[in-house]
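Structure record follows, encoded as structure tokens.
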There are 2 protein chains.
Amino acid sequence: MSTDGCCTALIRKLQHFEKPSDEDKELLANSVARTVELIAGSDIIEQGDKPDHVHLLVEGWAGRYKILPNGRRNIMAYLIPGDLCDVNVALLEEMDHSIGALSGCKVALIPIATIRNLMDQNRTLARALWWGTLVDEAVLREWLVTVGSRPALQRVGHLICEMLIRTEAVGLARGNSFDLPLTQQELADTMGMSLVHMNRTLQGLRSRELITTNGHTVTVENPRALMKFAAFDPLYLHQQAHKFRSLMQAVA
Amino acid sequence: MSTDGCCTALIRKLQHFEKPSDEDKELLANSVARTVELIAGSDIIEQGDKPDHVHLLVEGWAGRYKILPNGRRNIMAYLIPGDLCDVNVALLEEMDHSIGALSGCKVALIPIATIRNLMDQNRTLARALWWGTLVDEAVLREWLVTVGSRPALQRVGHLICEMLIRTEAVGLARGNSFDLPLTQQELADTMGMSLVHMNRTLQGLRSRELITTNGHTVTVENPRALMKFAAFDPLYLHQQAHKFRSLMQAVA
DNA sequence: CGCTTAGTTGACTCTTCTCAAAAGCAGTGG
DNA sequence: CCACTGCTTTTGAGAAGAGTCAACTAAGCG
């Protein structure tokens, strides 16, 4: 049973929308054809591909990215366990961007036909998966605001707030800490800033005692303080408020 | 028949994906319950709303936006005739952003139940509308890249390329010209830059003879030159290539 | 013609980028 | 165990891009 547990993160995420029944969970678990392991830096899907499987990220972090003609790489989204990489591209002629493994990753493959059947036959799951794509879009909008309008310190602070909540939603956070398996270069490519400036911005957040880091583990000692600092409003993540109330009140 | 012609732009847009039959067109046209006119500056939907109609923009430009606590407004998307404002929010608890009329607008209201029936009963239209939302998302990703990684001149140039193609796709361009009913302040709020810098950037594009403006009409004398300058690749708009080949070859 | 809004300009400040080099850290082979 | 290598993080310093403030011009409107 190499596909055991592939869907725990996904199921955990979907619960923030609507609790799936045991039957739903089983359906999901059975839909995984096989799993693949990738090393950091390899591509899960490349621009121009027309995948015949939907990719579900089971372990590790991945990112949507594009490379500009001037050589600059831009990361447009982070994918963490429980995220589907490409439910949405079944319709489009080809991928207009690539998805790369940012850390070592484990990916579950679900045949498109299986997903389609599943969504036809199961109203709850169909709505839950649909909800997931809408949240992805809302996150994208928020990132656009972040990159366009927030100063560097708030920009990075906002991202850290988001990833703390998202990792917590799939059971990957430990208290106020989570693993951020990215280099500063990758963070810079995400937030549209230079490596040097990202480095200094992180130092700024540390010196303000808003975050602490230990290797690639980030700890937010006082989530409320960071959220206030970064003007972070979790509405756009569309999780039920009570799910992360604990975080909001951590140092109430 | 006040709703006559409400759907021409939408139908024209969908043709870039798959040609709807006459019957499909009629179904769409009949789904409009009523139309509303709005003046520039008024909101079509506000953050927190849970609309019971889907809004189809028939005339004018609108924009998705958020206001940050520091008072900065950020425009995250432009909506032009043929664009649906909120197919996607039927599932979410509430709007996480507002949509405002950037110019005088005419909006058609389609009851959610009608849209739902229509998508259940008509495979072609369902897929076409679904395609529309995927393109919206692709545009959002491209804007994130633009704001994050392109220098000011390319940033604005890229936006103008996009809007030329999008207006052409719904029959609103005349040759290489289109009406851009926005103030420089609104453009600045879109691209994440200051009003003054937007003004100078537009001057830069004009002095490089990449665009000319006359009131709110923008003319791209040489689309290929501007596309090259702005590193614009229309792939992300997911229109069939032949639809805008004319533009690409304008001064071949 | 006066009023209001939008576009333009100049001067100055501050953020952010670039270049360049040093320091830290993990893996490899001798 | 240590030197070596490659990658990531950190630092310094000058240059360029972008923001702010404030004033002035242009255009639309009653």
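So you know, we letter chains A, B, ... as the sequences are listed, proteins then strands, and number each from 1.
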*Residue whose closest nucleotide on DNA chain C lies nearer the 5' end, Pro151(A) versus Val196(A)*: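 The residue whose closest nucleotide sits nearer the 5' end is Pro151(A).
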In whole Å, what is the span from the [atom1] atom of [X] to the [atom2] atom of [N]?
X: His197(A); N: dT9(D); atom1: NE2; atom2: P; answer: 17 Å
X: Asn70(B); N: dG19(D); atom1: CG; atom2: C1'; answer: 13 Å
X: Arg155(A); N: dT15(C); atom1: CZ; atom2: P; answer: 13 Å
X: Leu195(A); N: dC19(C); atom1: CG; atom2: C1'; answer: 12 Å

message = Quick check against the 3.5 Å criterion: does Arg12(B) have a side-chain atom that pairs as donor or acceptor with the backbone of Thr8(B)?
response =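 Pair absent, no side-chain N/O of Arg12(B) close to backbone of Thr8(B).
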Exercise. Distance-only, no hydrogens or angles: does the Asn70(A) side chain make a donor-acceptor pair with backbone N or O of Arg72(A) under 3.5 Å?
Worked result: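 Flag set: sc Asn70(A) to bb Arg72(A) pair under 3.5 Å.
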Original post:
By a strict heavy-atom criterion of less than 4.0 Å, which residues belonging to residues 202-219 of chain A are in contact with DNA chain C?
Top reply: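 Nucleic-acid contacts, sorted: none.
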Expected output is a numbered-order residue list: members of residues 182-193 of chain B with a heavy atom under 4.0 Å from any atom of DNA chain C. What is it?
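Result for residues 182-193 of chain B: Thr183(B), Gln184(B), sorted by number.
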Assess the side chains of [X] and [Y]: does a donor N or O sit below 3.5 Å from an acceptor N or O?
X: Asp43(A); Y: Ser98(A); answer: no
X: His55(B); Y: Asp86(B); answer: yes
X: Glu162(A); Y: Tyr78(A); answer: no
X: Thr213(A); Y: Arg206(A); answer: yes

**Asked** Which nucleotide, dT8(C), dT11(D), dG19(D), lies nearest any side-chain atom of Asn199(B)?
**Response**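 Nearest nucleotide to the side chain: dT8(C).
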message = Name the residue from Arg64(B), Lys66(B), Gln47(B) that meets the side chain to side chain donor-acceptor pair (under 3.5 Å) definition with His97(B).
response =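 Exactly one option meets the side chain to side chain donor-acceptor pair (under 3.5 Å) with His97(B), and it is Arg64(B).
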side-chain contact (heavy atoms from CB on, under 4.5 Å), that's the test. Do Leu109(A) and Val36(A) meet it? Break it down for me. CA-CA 8 Å; Leu109(A) 302 186; Val36(A) 179; 3.9 Å; yes
Any donor-acceptor N/O pair under 3.5 Å between dG12(D) base and Arg200(A) side chain: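 A donor-acceptor contact between them is present.
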